[in-house]
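Okay, structure first, notes after.
Since the model is a prediction, treat every value here as computed from it, not as a measurement.
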Amino acid sequence: MVTLEGADALLQTVPLVIGMSDTIGDTAAIVFARSFYAALASAQSVVTALEQARMQMLATSMLDADQVDKSALATLRARDDADPTTVVLVRPSDVAP
């Protein structure tokens with residue numbers, strides 16, 4: 001993840017970027033990353049993985065109740081030629097090893 005300030009520059013190289021629009025704590029970042037990458041590894045779309053990671057952050061109460069919902073701070077930016085609802089980075093194998 002990157003800050004949103006660097007997202008537009010990265011979009012010139014990659015089709016999708018997830019950035020944080022504000023800071024979050026280390027533990028919240030770990031929870032987010034663990035959930036996000038686990039969802040990607042299980043063949044979920046980028047949008048679904050992002051939503052799962054946001055929900056996991058909320059479910060584990062890594063955010064202070066008096067703060068803004070920081071799970072919403074994870075923002076997805078996409079180039080015009082990329083549809084994050086259909087981008088799946090891992091496809092299940094039809095052939096067992």
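When Asp83, Thr86, Leu76, Val87 are each tested for a side-chain contact (heavy atoms from CB on, under 4.5 Å) with Val47, only one passes: Leu76.
Contact record, Ala74 with Leu50: CB-CD1, 3.9 Å, taken as the closest heavy-atom pair. Contact detail for Ala53 and Ser35: the closest heavy-atom pair is CA-OG, 3.4 Å. When every heavy atom of Ala39 is checked against every heavy atom of Gln52, the shortest pair comes out as CB-OE1, 3.2 Å. Closest non-hydrogen pair, Ser45 versus Leu40, comes out as O-CD2, 4.4 Å.
Hydrophobic clustering keeps Val17 apart from Val88 (ILVMFWY residues linked when any side-chain heavy atoms are closer than 4.5 Å, directly or through intermediates). Residue Ile30 is not grouped with residue Phe36 when hydrophobic side chains (ILVMFWY) are merged at heavy-atom distances under 4.5 angstrom, including chains of intermediate members.
Identified under the salt bridge (Lys or Arg N to Asp or Glu O under 4.0 Å) test for residues 30-50, with sequence neighbours left out: none.
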- Query: Please walk me through it: do Asp8 and Leu11 pass side chain to side chain contact (heavy atoms under 4.5 Å, CB included)?
  - Reply: CA-CA 5 Å; Asp8 292 333; Leu11 285 175; 4.1 Å; yes

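Taken to the nearest 0.5 Å, the CZ atom of Arg79 stands 11.0 Å off from the CG atom of Leu10.
Considering only residues two or more places apart in sequence or on other chains, Asp80 meets the salt bridge (charged side-chain N to carboxylate O under 4.0 Å, His left out) condition with none of them.
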